[in-house]
Amino acid sequence: MKKDLGVKPYVFPMPVLMIATYNDDGSVDVMNMAWGGICAENMVALNLDETHQTSANIKSRKAFTVSIADVDHIAESDFFGIASAKTMPDKFERSGMHAVKSTRVDAPIVEEYPLTLECTVKDIEHGVGGFRVVGEIVNVIVDEGILNAQGKIDPSKLNTFVFDQFQNGYYRIGEQCGKAWHAGAALMKK
């Protein structure tokens, strides 16, 4: 039997994305967000609250990076979602993480995260869904340790986790349970 739960933002899994920008003074800001993802082959979409410092930074610098949080840095990643750069200007320094300036966009790359997308702002929308930023991916940087023998990202080596909106939990990702565009191929022959 099914039960109505009303209107809830219940989609699982939700990615844990780390959005890094520069503040006006050049200091690093990183925000933990789950309301975003790939929206085209070379585009990402971020649905943010416009009151965040990250939103102001994106509007000012027209660039950001998106890193995939990994289990090794779950405490720091969660902290980036708890702390606000508006009330804690030294938020990034408190994390103990390190950043370098991207050579392609006006945004920082957090060195500890194994996968980072460097993005420029292509569009900013104010609509029914709120403040939405569409960024063009201009490059992807990865730690070589997460690549397989063919030079592709191995999700089990990425060691990432996802957000659970049902109980506010984080869950590790890793085990492959099927092959995309193959698992359902037999049904094409019916």
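The residues of the chain are indexed from 1 along the displayed sequence.
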Which atom pairs, one a donor and one an acceptor, fall under 3.5 Å between side chains of residues 36-50 and the rest of the protein, sequence neighbours left out?
| unit_1 | atom_1 | unit_2 | atom_2 | d |
| --- | --- | --- | --- | --- |
| D49 | OD1 | T51 | N | 2.9 |
| D49 | OD1 | T51 | OG1 | 2.8 |
| E50 | OE1 | H126 | NE2 | 3.1 |
| E50 | OE2 | K59 | NZ | 2.8 |
| E50 | OE2 | H126 | NE2 | 3.0 |

(request) List for me each residue that meets salt bridge (Lys or Arg N to Asp or Glu O under 4.0 Å) alongside E112, sequence neighbours excluded, and say none if there are none. (result) none

Which donor-acceptor pairs under 3.5 Å do side chains of residues 99-109 form with protein atoms, sequence neighbours excluded?
| unit_1 | atom_1 | unit_2 | atom_2 | d |
| --- | --- | --- | --- | --- |
| K101 | NZ | D106 | OD1 | 3.3 |
| S102 | OG | R104 | N | 2.9 |
| S102 | OG | V105 | N | 3.0 |
| S102 | OG | E118 | OE2 | 2.4 |
| D106 | OD1 | R61 | NH1 | 3.2 |
| D106 | OD2 | R61 | NH1 | 3.2 |

(message) Going by the rule salt bridge (Lys or Arg N to Asp or Glu O under 4.0 Å), which residues pair with D90 if we only count those two or more places apart in sequence or in a different chain?
(response) R94

(message) If the condition is salt bridge (Lys or Arg N to Asp or Glu O under 4.0 Å), which residues does D29 pass it with, not counting sequence neighbours?
(response) K91

(message) Do F131 and V134 sit in one hydrophobic cluster, given that two such residues count as connected whenever their side-chain heavy atoms are within less than 4.5 Å of each other, even indirectly?
(response) no

(message) Between I146 and D70, does the side chain to side chain contact (heavy atoms under 4.5 Å, CB included) criterion hold? Intermediate values first, please.
(response) CA-CA 11 Å; I146 68 166; D70 63 342; over 6 Å; no

(message) Quick check: closest heavy atoms across Y113 and I68, and the distance to 0.1 Å?
(response) CD2-O, 3.8 Å

Under 3.5 Å, which donor-acceptor pairs link side chains of residues 167-174 to any protein atom two or more places apart or in another chain?
| unit_1 | atom_1 | unit_2 | atom_2 | d |
| --- | --- | --- | --- | --- |
| Y170 | OH | D78 | OD1 | 2.7 |
| R172 | NH1 | N159 | OD1 | 2.9 |

(request) Indicate yes or no: at least one non-hydrogen side-chain atom of D72 is less than 4.5 angstrom from one of I74. (result) no

(message) Could you work out, with side-chain hydrogen bond (donor to acceptor under 3.5 Å, both in side chains) as the rule, every residue matching H52, not counting sequence neighbours?
(response) none

(message) Nearest 0.5 angstrom please: F64 CZ to C119 SG, how far?
(response) 4.0 Å

(request) Please examine the side chains of T160 and V16, heavy atoms only from C-beta on, and report whether any two atoms are closer than 4.5 Å. (result) no

(request) Check the hydrophobic clustering (I, L, V, M, F, W, Y; side-chain heavy atoms under 4.5 Å; chains of links allowed) and say if F80 and L115 are grouped together. (result) yes

(request) Could I get the full list of salt bridge (Lys or Arg N to Asp or Glu O under 4.0 Å) partners for E93, not counting sequence neighbours? (result) none

(message) For a 4.5 angstrom cut-off between non-hydrogen side-chain atoms, does E111 reach M97?
(response) no

(request) Heavy atoms only: give me the nearest K157-G145 pair and the separation to one decimal. (result) CD-O, 3.4 Å

(request) Give every residue pair that meets the side-chain hydrogen bond (donor to acceptor under 3.5 Å, both in side chains) criterion with at least one member in residues 173-187, sequence neighbours excluded. (result) none

(request) Quick one: which residue pairs count as a salt bridge (Lys or Arg N to Asp or Glu O under 4.0 Å) with a foot in residues 120-141, not counting sequence neighbours? (result) K122-E136, E125-R132

(message) Using a 3.5 Å distance criterion without hydrogens, assess whether the side chain of N32 forms a donor-acceptor pair with backbone atoms of S77.
(response) yes

(message) According to a hydrophobic-cluster definition based on side-chain heavy atoms being under 4.5 Å apart (Ile, Leu, Val, Met, Phe, Trp, Tyr only), do W35 and F12 belong together?
(response) no

(message) Quiz question: by atom type and distance under 3.5 Å, do the side chains of T116 and S67 form a donor-acceptor pair?
(response) yes

(message) Test of understanding: clusters of I, L, V, M, F, W, Y form through side-chain heavy atoms closer than 4.5 Å, transitively. Do V138 and I141 belong to the same one?
(response) no

(request) I would like to know whether M31 and M18 meet side chain to side chain contact (heavy atoms under 4.5 Å, CB included); could you show each step before the answer? (result) CA-CA 6 Å; M31 173 187 175; M18 310 312 299; over 6 Å; no

(request) Answer whether the closest heavy-atom distance between the side chains of I19 and V30 falls below 4.5 Å. (result) no

(request) Determine which pairs satisfy side-chain hydrogen bond (donor to acceptor under 3.5 Å, both in side chains) with at least one residue from residues 9-24, sequence neighbours left out, and list them in order. (result) T21-N57, N23-S27, N23-N57

(message) Is it true that, when you exclude D4 itself, more than 12 heavy atoms of the residues, nucleotides or ligands shown sit nearer than 6.0 Å to its CG?
(response) no

(request) Side-chain contact test, heavy atoms from C-beta onward, threshold under 4.5 Å: evaluate it for T65 versus L117 and give yes or no. (result) no

(request) State, with a plain yes or no, whether a side-chain heavy atom of P13 is found less than 4.5 Å away from one of F163. (result) no

(message) Under the salt bridge (Lys or Arg N to Asp or Glu O under 4.0 Å) definition, can you give me all pairs with a residue in residues 7-21, not counting sequence neighbours?
(response) none

(message) Could you go through L17 and M33, starting from their C-alpha distance and side-chain angles, then the distance that decides it, and tell me whether this counts as side chain to side chain contact (heavy atoms under 4.5 Å, CB included)?
(response) CA-CA 5 Å; L17 304 174; M33 70 161 295; 4.1 Å; yes

(request) Apply side chain to side chain contact (heavy atoms under 4.5 Å, CB included) to D164 and V162, showing your working. (result) CA-CA 7 Å; D164 142 40; V162 294; over 6 Å; no

(message) Give me the atom names and distance for the closest heavy-atom approach of L158 to P114.
(response) CD1-CG, 3.7 Å

